[in-house]
Amino acid sequence: MVTSNFIKNIITDDLETGKHNSIITRFPPEPNGYLHIGHAKSICLNFGLADEFEGKVNLRFDDTNPIKEDTEYVNAIKKDIEWLNFEWDELHFASNYFDIMYEKAQLLIKKGLAYVCELTPDEMREYRGTLTDAGKFSPYRERSVEENLDLLERMKQGEFEDGSKVLRAKIDMASSNMNMRDPIIYRISHNIHHNTGDKWCIYPMYDFAHPLEDAIENITHSLCSLEFEDHRPLYDWFVKECEMESTPRQIEFARLNMTNTVMSKRKLKELVDNDVVDGWDDPRMPTIAGFRRRGYTPTSIRNLCREIGVSKADSVIDSQMLDYFVREDLLPKAQLAMTILRPLKVVITNYPEGQVEYVEIENNPKDESAGTRKLPFSREIYIEREDFMEVPVKKYFRLFVGNEVRLKGAYFIKCNEVIHDENGEVAEIHCTYDPETKSGSGFTGRKVKATIHWLSAKEAQKAEFRLFEPLILDDVPENEGKHFLEQINPNSLEVIEGLIEAEATKNASPLDKFQFVRHGFFSVDTKYTTNDKLVFNRVVSLKSSFKI
RNA sequence: AGGGUUAUCGCCAAGUCGGUAAGGCACAGGAUUUUGAUUCCUGCAUUCCAAGGUUCGAGUCCUUGUAGCCCUGCCA
């Protein structure tokens with residue numbers, strides 16, 4: 001399949017016209033949180049482009065704000081990218097360019113294009129003007145080059161307090177583009193930086209730092225999201241006025257949004273900080289780490305990113321797409337097992353009491369090399385409650401009195417009787433099996449319209465499942481509503497006890513072991529495994545259950 | 001008259017110099033099926049935000065509108 005997008009067209013053009021001989025892209029996260037599925041789009045784009053055009057791609061931490069950044073995040077980010085199976089060519093930190101940036105700031109001052117300003121934040125806001133009215137000049141705008149140089153140096157030396165002074169570019173206070181109204185280049189911040197420690201107490205702003213970082217690394221195509229479109233003139237201005245040898249080009253694309261998903265890093269951090277979730281890698285989080293723990297595969301995420309494409313139109317991807325790609329990737333290769341979440345006891349009245357036989361079940365019908373396993377079958381088994389209906393609705397093919405179904409890998413059973421408890425609830429059902437119908441026997445006498453999961457009552461292992469049900473939020477911000485349709489709420493956790501195959505759990509490997517539940521998967525998260533019983537997070541159902 | 005930007009099927013998204021609307025997800029039928037899954041066929045935009053215009057011919061060009069998103073952090 002030929003995929004195409006406007007960015008590839010630009011690159012192809014640049015290559016054909018000889019503007020570039022090869023390309024270099026970069027993925028520039030700020031290490032202030034974990035990567036989420038939205039970042040995956042950018043990662044796939046940048047790494048994918050570099051790969052497709054045989055160029056290079058750098059991983060660069062855009063760490064220019066010490067108060068928000070931490071080494072924990074740089075490590076987590078590296079791990080996530082590696083997990084997605086991408087390899088960067090060079091690893092950089094914006095903070096390693098602080099010396100060059102400082103020199104460039106001095107250069108701007110010498111060219112009369114930057115000045116130290118002492119307006120307070122409030123004053124600066126006032127002087128900046130509004131969207132419709134021009135701003136006015138700062139009274140500090142016409143300081144001499146010498147004075148500016150001296151002041152900047154003293155800012156660097158730590159003579160001044162946070163917020164007392166900033167270095168500003170001298171551009172155009174009347175520009176219709178707010179970014180050009182003498183933007184701040186350096187601010188004072190006496191904080192320990194995760195990489196440079198206390199070496200610096202002035203830090204460059206994004207608008208100044210980013211174009212320089214790109215130019216220093218000879219990035220040819222600098223991809224960023226739509227909200228930076230307005231910043232492009234400034235980006236180009238800094239590259240030009242700082243007399244950078246390389247002229248990277250900024251190209252904007254729409255970031256990824258997904259239905260039923262919170263994608264705001266601020267909001268996600270809030271969930272972590274308030275202990276609403278266990279951490280950034282909580283299976284409920286839309287972070288790469290969360291998805292990993294939840295059992296999603298790198299391939300599924302990469303395929304999703306490939307398939308959703310790239311454009312400049314605001315969009316919201318249907319989360320069903322992600323589910324589709326996970327199913328597509330896992331179905332042919334996952335270890336499938338049977339699990340019963342809400343058990344209903346079934347007594348097979350014509351099966352000898354005390355007898356146990358082992359039936360062989362394939363681990364994956366689509367992959368013979370996945371092998372088989374033997375499961376104990378006996379007189380008393382459990383099936384999923386929803387696989388039985390006392391009063392069947394129309395088009396219900398599973399168990400009800402008088403109907404026959406196949407127990408996967410075992411026999412046909414026919415329901416004869418329903419036993420109620422004192423409350424009138426269905427306590428158990430009585431069935432009879434037909435020995436002739438044993439799986440693999442080649443029985444063709446009659447057909448059955450449904451095959452259901454089951455587990456031997458005596459041998460099945462018990463497990464606790466934590467169900468995480470999404471909740472509709474009441475306090476959804478109007479402008480972010482579409483991203484907050486569903487939200488995680490600790491009160492929605494439902495712990496139920498279920499049953500799981502004895503064999504399957506004995507050697508269940510943590511994150512790659514999938515249980516097949518009816519028509520979906522759910523992952524096994526052994527982080528909650530205790531000694532005496534197994535506790536699983538049922539965090540995802542990739543395909544909703546039956547429609548009845 | 002603030003500036004920027006986007007508008008193609010329910011959701012994404014291709015649509016080169018204007019030539020008569022790809023593909024995926026979702027959905028709906030049908031066939032296979034020891035998971036109502038998978039797989040396999042079939043269907044799913046006389047129409048491209050709207051209205052004019054140019055043209056033999058326009059999603060693609062022009063004009064005028066409309067709607068959404070972004071911009072007044074010493075965040076990125």
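Letters go in sequence order (proteins before strands), and every chain restarts at 1.
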Counting N and O atoms only, with roles assigned by atom type, does the side chain of A/Arg398 sit under 3.5 Å from a partner on the main chain of A/Glu386, one being a donor and the other an acceptor?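 Yes, A/Arg398 side chain to A/Glu386 backbone: donor-acceptor pair under 3.5 Å.
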For residues A/Ile452 and A/Phe388, determine if any side-chain heavy atom of one lies less than 4.5 Å from a side-chain heavy atom of the other.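 The answer is no, as the side chains (C-beta and beyond) never meet within the 4.5 Å cut-off.
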Is the shortest heavy-atom distance from the side chain of A/Arg181 to the side chain of A/Met178 under 4.5 Å?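 A/Arg181 vs A/Met178: side chains touch.
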Side chain of A/Lys395 only, heavy atoms from C-beta on: which candidate in B/C12, B/G36, B/C69 is closest?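 Of the options given, the side chain of A/Lys395 lies nearest B/G36.
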Minimum-distance nucleotide to A/Thr451 side chain [options: B/G68, B/G36, B/G2]: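 The closest nucleotide is B/G36.
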Considering only the [atom1] atoms, how many Å lie between [N] and [M], rounded to the nearest integer?
N: B/U46; M: B/A58; atom1: C1'; result: 15 Å
N: B/C61; M: B/A67; atom1: C1'; result: 23 Å
N: B/A31; M: B/U47; atom1: C1'; result: 33 Å
N: B/A22; M: B/C9; atom1: P; result: 13 Å
N: B/C12; M: B/C69; atom1: P; result: 14 Å
N: B/G4; M: B/U39; atom1: C1'; result: 49 Å
N: B/U16; M: B/U63; atom1: C1'; result: 25 Å
N: B/C49; M: B/A7; atom1: P; result: 9 Å

So, applying side chain to side chain contact (heavy atoms under 4.5 Å, CB included) with A/Met258, which one of A/Met263, A/Lys41, A/His36, A/Met321 is it?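 Answer to the side chain to side chain contact (heavy atoms under 4.5 Å, CB included) test with A/Met258 among A/Met263, A/Lys41, A/His36, A/Met321: A/Met263.
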What is the distance, to the nearest angstrom, from the [atom1] atom on [X] to the [atom2] atom on [N]?
X: A/Phe6; N: B/A14; atom1: CZ; atom2: P; result: 9 Å
X: A/Arg306; N: B/C25; atom1: CZ; atom2: C1'; result: 13 Å
X: A/Arg398; N: B/G36; atom1: CZ; atom2: P; result: 8 Å
X: A/Lys449; N: B/A37; atom1: NZ; atom2: C1'; result: 16 Å
X: A/Asn257; N: B/C70; atom1: CG; atom2: C1'; result: 13 Å
X: A/Met258; N: B/C25; atom1: CE; atom2: P; result: 15 Å
X: A/Asn5; N: B/G24; atom1: CG; atom2: C1'; result: 15 Å
X: A/Tyr324; N: B/A37; atom1: OH; atom2: C1'; result: 13 Å

Test side chain to side chain contact (heavy atoms under 4.5 Å, CB included) applied to A/Leu223 and A/Leu49, step by step: CA-CA 11 Å; A/Leu223 278 32; A/Leu49 251 17; 3.6 Å; yes
On RNA chain B, does the nearest nucleotide to A/Asp318 precede the nearest nucleotide to A/Ala313 from the 5' side, or the other way round? Give the residue.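 Mapping each residue to its closest nucleotide by heavy atoms, the 5'-most match is A/Ala313.
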Residue mapping more 5' on RNA chain B - nearest nucleotide basis, A/Thr437 or A/Ile317: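 Result of the comparison: A/Ile317.
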Students often mix this up, so state it plainly: with edges at 30° and 60°, are the rings of [X] and [Y] parallel, tilted or perpendicular?
X: A/Phe377; Y: A/Tyr351; answer: perpendicular
X: A/Phe228; Y: A/His231; answer: perpendicular
X: A/His210; Y: A/Tyr235; answer: tilted

When you check the side-chain N and O atoms of A/Asn177 and A/Ser175, is any donor under 3.5 Å from an acceptor?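 Checked: A/Asn177/A/Ser175 side chains show no N/O donor-acceptor pair below 3.5 Å.
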Is a side-chain donor-acceptor pair under 3.5 Å present for A/Glu153 with A/Tyr102?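 Distance-only check passes for A/Tyr102 and A/Glu153.
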A/Asn9 side chain N/O closer than 4.0 Å to the phosphate oxygens (OP1, OP2) of B/G15?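 Checking B/G15 against A/Asn9, a side-chain N or O does come within under 4.0 Å of OP1 or OP2.
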Using a cut-off of less than 4.0 Å, is there contact between a side-chain N or O of A/Ser311 and OP1 or OP2 of B/A13?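 So the side chain of A/Ser311 is within the cut-off, an N or O lying under 4.0 Å from OP1 or OP2 of B/A13.
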Can you tell me how far apart NZ (A/Lys170) and CD1 (A/Ile109) are? Round to the nearest 0.5 Å.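 That separation rounds to 10.5 Å.
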Can you tell me how far the NE2 atom of A/His221 sits from the CZ atom of A/Arg249, to the nearest 0.5 Å?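 It comes to 7.5 Å.
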Would you say the base of B/U38 and the side-chain of A/Lys366 have a donor-acceptor pair closer than 3.5 Å?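 Looking at the base of B/U38, it does pair with a donor or acceptor on the side chain of A/Lys366 (distance under 3.5 Å).
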Side chain to side chain donor-acceptor pair (under 3.5 Å) with A/Asp182: which of A/Arg141, A/Arg168, A/Arg128?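 The residue from A/Arg141, A/Arg168, A/Arg128 that satisfies side chain to side chain donor-acceptor pair (under 3.5 Å) with A/Asp182 turns out to be A/Arg141.
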With sugar-phosphate meaning primed atoms plus P, OP1 and OP2, does A/Gly440 contact a base, only sugar-phosphate, or nothing at under 4.0 Å between heavy atoms?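 It contacts base atoms.
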Under 4.0 Å, heavy atoms only, any strand: does A/Val448 hit a base, just the sugar-phosphate, or nothing?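 No contact.
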Using the glycosidic torsion, which applies to B/G19: syn (within 90° of 0) or anti (everything else)?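 Here the answer is anti: the torsion falls beyond 90° from 0.
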Let's go through A/Phe325 and A/Tyr296 carefully: what are the C-alpha distance in whole Å and the side-chain angles of both, what is the deciding distance for ring pair (Phe, Tyr, Trp, His ring centres under 6.0 Å) to 0.1 Å, and is it a yes or a no? CA-CA 9 Å; A/Phe325 286 105; A/Tyr296 282 28; over 10 Å; no
Enumerate the protein-to-nucleotides 40-43 of chain B contacts in which both atoms are nitrogen or oxygen and the separation is below 3.5 Å.
none

List the protein contact pattern of nucleotides 71-76 of chain B with one symbol per nucleotide (5' to 3'): B for base contact, S for sugar-phosphate-only contact, - for none; contact means a heavy-atom distance under 4.0 Å. BBSBBB
Can you list the stems that include RNA chain B, where a stem is three or more consecutive Watson-Crick or G-U pairs with distances under 3.5 Å?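 Stems for RNA chain B, defined as runs of 3 or more consecutive pairs: B:2-7 with B:66-71, B:10-12 with B:23-25, B:27-31 with B:39-43, B:49-53 with B:61-65.
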